[in-house]
Every structure is written in structure tokens, then in C-alpha cells.
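Labels below follow one simple rule: chain letters A, B, ... track the order of the sequence lines, proteins then strands, and each chain is numbered from 1.
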Number of protein chains: 2
Amino acid sequence: MPRTKEFDPGAVLERALDLFWRRGYEATSMADLVEHLGIGRASIYATFGGKHDLYLKALERYVQTRDPSLVELLSQPGPALPAVRALVELYAEDAAGDRDRRGCMVVNAAAELLPDDQPVARFVEASWTGLETALTSALIRARAQGEISAEADPRALARFLLVFLQGMRVMGKSHGDPARLRDAAAQALALLR
Amino acid sequence: MPRTKEFDPGAVLERALDLFWRRGYEATSMADLVEHLGIGRASIYATFGGKHDLYLKALERYVQTRDPSLVELLSQPGPALPAVRALVELYAEDAAGDRDRRGCMVVNAAAELLPDDQPVARFVEASWTGLETALTSALIRARAQGEISAEADPRALARFLLVFLQGMRVMGKSHGDPARLRDAAAQALALLR
DNA sequence: ATCCAATTGGAACGAATGGTCAAAAATTAC
DNA sequence: GTAATTTTTGACCATTCGTTCCAATTGGAT
């Protein structure tokens with residue numbers, strides 16, 4: 001009995017994600033969204049709720065469609081260290097080569113909305129904890145397989161990498177020397193031996 | 001002939017800095033500022049210009065009154081490496097112990113306003129370049145004094161530390177395990193040998 | 001004491017904000 | 001074909017936004 005929607009909610013959410021990612025939360029107005037999403041104002045409210053709900057769903061989609069490749073990358077069987085190194089280099093290239101300098105949406109969310117926005121805060125923390133866990137488990141495997149020193153502390157190393165990666169993501173928003181992030185990444189990788 | 005102001009512009013700017021630092025640019029309204037600065041609306045415009053000008057001046061004050069201690073710290077005569085290590089630990093403690101999780105205003109500015117806001121972009125880049133330069137010069141001294149390996153690359157190491165420090169500053173906005181940043185910092189310091 | 005000039009508080013500005021509502025259109029099930 | 005129900009459209013809402021203006025006030029210089 002319900003009438004079918006004329007649009008694909010997933011595709012619309014993707015466009016909302018694009019806008020929020022590029023401009024942030026406050027700087028993106030409902031008028032902007034109405035214009036770029038291609039659907040009416042009321043349809044947005046009916047489908048996603050208010051602006052904050054829509055932002056949260058966009059952030060969720062961001063994590064689910066951009067980050068998971070990382071966890072998969074880290075969970076491949078076989079040698080674990082190359083995956084970790086590849087991850088760091090991927091982040092460096094990503095940040096250094098990002099033409100429109102949108103950075104990482106999670107980092108942007110943390111910087112703009114935290115500490116006041118609790119739903120976003122929970123989301124950010126969960127995202128970071130997830131990456132820390134994936135890194136830790138990869139490093140535990142690496143140590144077990146003799147790829148890094150037996151004395152290494154996998155969790156501490158994972159935490160270090162986690163912080164360093166977020167650093168690259170913030171700094172990627174600035175038009176600095178692209179070699180800066182590459183140099184930094186090369187040094188960070190020296191810690192993994 | 002000009003009449004003297006009834007307020008101390010420096011003190012007022014300090015209060016504006018406090019607000020912008022905590023809430024960011026967009027989320028801070030002129031009404032908020034009027035309420036917290038203790039001076040009239042027109043006085044704000046007459047003294048500092050519009051909202052964006054005020055933000056820029058607050059950001060400037062932030063860098064001038066919070067960061068310079070760092071440059072001084074790194075420029076002390078004698079052994080250079082302890083100063084660098086102290087700096088990393090200071091950032092870690094700062095981020096982990098920051099009760100109200102306001103983070104670093106430069107990082108917040110970068111995440112919220114970049115890449116679209118060019119004046120802010122210039123400011124952020126200058127701030128980061130300045131820290132990179134100070135770190136590089138300290139590490140050059142450290143190498144010359146035999147505190148780190150002769151094969152070490154001071155600039156690359158400085159860039160690494162720069163990125164890592166900014167990472168701590170973003171992540172400090174989240175209520176995560178405080179040990180996370182301390183663990184990370186300890187690992188990063190292992191690179192300075 | 002007087003004039004000058006700048007600062008002051010507060011009212012007012014139009015534009016833009018996020019959100020709502022009711023009428024119209026459209027699709028499905030019968 | 002008809003009835004039912006939901007989506008869509010777009011006008012509309014009160015509020016808040018950053019900014020400007022003006023009249024009153026204030027303090028400094030002569």
C-alpha cells in the first residue's frame with residue numbers, strides 16, 4: 001500500500017555525505033542540502049529526520065564505506081607487517097594527494113563538534129577504538145610471526161600508529177609541502193622493526 | 001583627542017579566544033560574544049571588525065600566547081634532545097589531561113575552516129611550518145652534539161614529530177583512555193635515539 | 001567651561017537559519 | 001476503476017544570524 005519513493009535513499013545519503021564531508025556540519029545549511037540532494041525539503045525530513053540525524057547517518061556511511069577496507073587490509077592472512085606499512089603509506093598518499101583537501105570526515109567531526117556533541121563523540125571514539133583494535137591485532141600477529149621484535153608492545157605501537165595516522169589526516173587539510181607527510185610516514189615506519 | 005576605551009582590548013580578546021577555542025567558529029554567535037565579552041555589540045565591531053576578523057585575531061593571540069613557550073623551550077642552550085622529549089610529553093599530558101577537551105585551536109581551525117577559508121589556511125600553515133622549523137633546528141643541534149645518530153635526518157624527524165603532535169591534539173578532543181596518548185607518546189620518543 | 005570626537009548601548013535591519021504544514025500528486029491494492 | 005495512503009511540492013513559520021545605524025553619553029584637549 002505504501003507508495004514507493006522516487007529516489008534512492010542510499011544515493012541521496014551519499015550526496016549528503018559529500019557535502020558534509022567537504023564543508024563540515026555548521027557550514028552546511030539545509031538549503032544547500034535541498035539544492036544538492038535533488039529531493040524536496042520535506043522528503044529529507046521524512047526520510048532522515050533533522051539535520052543532525054542526517055549528519056550522523058552520513059558519518060555512519062562514511063565509516064562503513066571508507067574505513068572497512070582498512071580493517072580488511074589488516075586482517076589478511078600471511079605476513080601482517082606489510083599490510084600495516086601499506087596502511088600508513090596509503091594514508092600518507094591519501095592526505096598528500098587529496099586535491100580538494102577535505103581530510104577525514106571523522107577527524108573533521110571530532111574537531112568541529114567535540115566535546116559538546118555526544119552522539120558524534122560516541123561515534124568518533126568507536127571509530128578510533130576500532131582502528132586501534134585492528135592495528136593491535138595485526139601487530140600481535142606480526143610479533144608472533146617474528147616480523148617485529150619479540151619485545152615490542154603491540155598495543156602501544158598500535159596506539160602510536162593510530163595517533164600518527166590522525167595527525168596525517170588533519171594536516172592533509174593544509175596545502176603544505178606534500179613531502180612533509182611522506183617524510184613523516186617514512187620515519188614512523190622506522191619504528192616497525 | 002580620542003576618548004579612551006572603557007575596556008582593555010587585550011582582555012576582551014582573551015575572552016573571545018576562550019569562546020572560539022571551546023566552540024569553534026560557526027557555533028559561536030555574535031550574540032554569544034556580546035554576552036561573554038562584557039562589551040556592547042557596536043564596540044566589538046569598532047574595535048575588532050566583523051566576526052571573522054575577531055576570530056582571526058583570537059587565533060593570532062592563541063598562537064602568540066600559547067605556542068611561543070614551545071619555541072623558547074626548543075631554543076634553550078645545552079642539550080637539545082631533552083627539550084624535544086619534554087615537548088612531546090607536554091603535549092601528551094596536555095591532551096590527555098585537558099578536562100574540557102577543547103583541543104588545540106589551530107587544529108580545530110584547520111579541521112573546521114579549511115580548505116575554503118584562505119586567511120585561516122595561511123595562518124594554520126604558518127603555525128605548522130614554524131613548529132617544524134623549531135623542531136628541525138633543535139634536532140640539528142641534537143645531532144651535532146651527538147645526542148642522536150649521525151645518520152638521522154633532522155628535518156624528516158621534525159616532520160614526523162610535527163604530524164604526531166597534531167595527532168595527539170585531535171585525539172585529545174575525545175574522551176578515550178588517557179593511557180592511549182601516553183602510550184603513543186612513549187613509542188614516538190623511541191624514535192629519538 | 002566648552003567644544004570635539006569617539007565610544008557606548010540598544011534598537012533595527014534584511015537575510016538566512018532549521019523546521020513544519022497542508023494541499024496536490026501518484027502509486028499500490030482491491 | 002476506485003479507494004487508500006504515502007510522497008511530494010512549495011509556501012510558510014518563528015527564530016536567529018551577522019551587521020548597521022543612531023542617538024545619547026562620555027572623556028579629552030583647548
Side-chain angles (χ1 to χ4, degrees), chain A residues 1-60 105 108-109 112-113 116-120, chain B residues 1-60 105 108-109 112-113 116-120:
Chain A
M1 320 80 162
R3 179 180 157 193
T4 59
K5 282 188 197 296
E6 292 186 357
F7 57 90
D8 172 18
V12 169
L13 185 55
E14 192 67 31
R15 283 200 283 275
L17 161 57
D18 186 68
L19 223 55
F20 278 131
W21 189 0
R22 184 144 30 89
R23 307 195 196 169
Y25 179 72
E26 292 279 4
T28 303
S29 69
M30 286 304 292
D32 291 333
L33 290 163
V34 171
E35 186 181 353
H36 286 84
L37 299 200
I39 66 175
R41 211 184 189 76
S43 297
I44 300 180
Y45 281 89
T47 311
F48 305 102
K51 182 187 178 184
H52 194 267
D53 301 281
L54 178 55
Y55 179 80
L56 230 43
K57 290 185 168 103
L59 187 59
E60 197 168 346
M105 193 177 172
N108 296 353
E112 183 182 357
L113 279 343
D116 293 330
D117 192 318
Q118 292 186 18
V120 171
Chain B
M1 322 89 158
R3 179 180 156 195
T4 58
K5 285 188 194 299
E6 291 187 357
F7 58 89
D8 173 17
V12 168
L13 186 55
E14 193 67 31
R15 283 199 283 273
L17 161 57
D18 186 68
L19 261 178
F20 277 130
W21 189 0
R22 184 144 30 91
R23 305 193 197 171
Y25 178 72
E26 294 279 4
T28 304
S29 70
M30 287 302 293
D32 291 332
L33 290 164
V34 170
E35 185 182 353
H36 287 85
L37 299 201
I39 66 176
R41 218 181 187 74
S43 298
I44 299 181
Y45 280 90
T47 311
F48 304 102
K51 182 187 178 184
H52 193 267
D53 301 279
L54 177 56
Y55 179 79
L56 229 43
K57 288 184 170 111
L59 186 59
E60 198 168 345
M105 192 178 173
N108 295 353
E112 183 183 358
L113 279 344
D116 292 331
D117 191 318
Q118 292 187 16
V120 171

Would you tabulate the nitrogen or oxygen pairs shorter than 3.5 Å linking the protein to nucleotides 18-22 of chain C?
| residue | atom | partner | partner atom | Å |
| --- | --- | --- | --- | --- |
| C:dG18 | OP1 | A:Lys51 | NZ | 2.7 |
| C:dG18 | OP2 | A:Met30 | N | 2.7 |
| C:dG18 | N7 | A:Arg41 | NH2 | 3.2 |
| C:dG19 | OP2 | A:Tyr45 | OH | 3.0 |
| C:dG19 | OP2 | A:Lys51 | N | 3.0 |
| C:dG19 | O5' | A:Tyr45 | OH | 3.4 |
| C:dG19 | N7 | A:Arg41 | NE | 3.1 |
| C:dG19 | O6 | A:Arg41 | NE | 2.3 |
| C:dG19 | O6 | A:Arg41 | NH2 | 3.3 |

What is the distance, rounded to the nearest whole Å, between atom CD1 of A:Ile44 and atom P of D:dT9?
11 Å
Let me know the distance between CD of B:Glu35 and C1' of C:dG10, rounded to the nearest Å.
16 Å
Would you list the pairs meeting ring pair (Phe, Tyr, Trp, His ring centres under 6.0 Å) in which at least one residue belongs to residues 4-30 of chain B, sequence neighbours left out?
B:Phe20-B:Tyr55, B:Trp21-B:Tyr62, B:Tyr25-B:His52, B:Tyr25-B:Tyr55
Please report the distance, rounded to the nearest Å, between CD1 in B:Ile39 and P in C:dG9.
8 Å
Return the set of residues passing side-chain hydrogen bond (donor to acceptor under 3.5 Å, both in side chains) with A:Thr28 (not counting sequence neighbours), or none when no residue passes.
none
Pairwise salt bridge (Lys or Arg N to Asp or Glu O under 4.0 Å) hits with a residue in residues 47-58 of chain B, at least two apart:
none
Pairs meeting criterion salt bridge (Lys or Arg N to Asp or Glu O under 4.0 Å) with involvement of residues 7-18 of chain B, two or more places apart
B:Glu14-B:Arg61, B:Glu14-B:Arg66, B:Asp18-B:Arg22, B:Asp18-B:Arg102
Spacing of CG belonging to B:Leu54 relative to CG belonging to B:Leu13, to within rounding of 0.5 Å
6.5 Å
Please report, rounded to the nearest Å, how far the C1' atom of D:dG18 is from the OH atom of B:Tyr55.
17 Å
Set of side-chain hydrogen bond (donor to acceptor under 3.5 Å, both in side chains) partners for A:Arg23, sequence neighbours left out:
A:Asp32
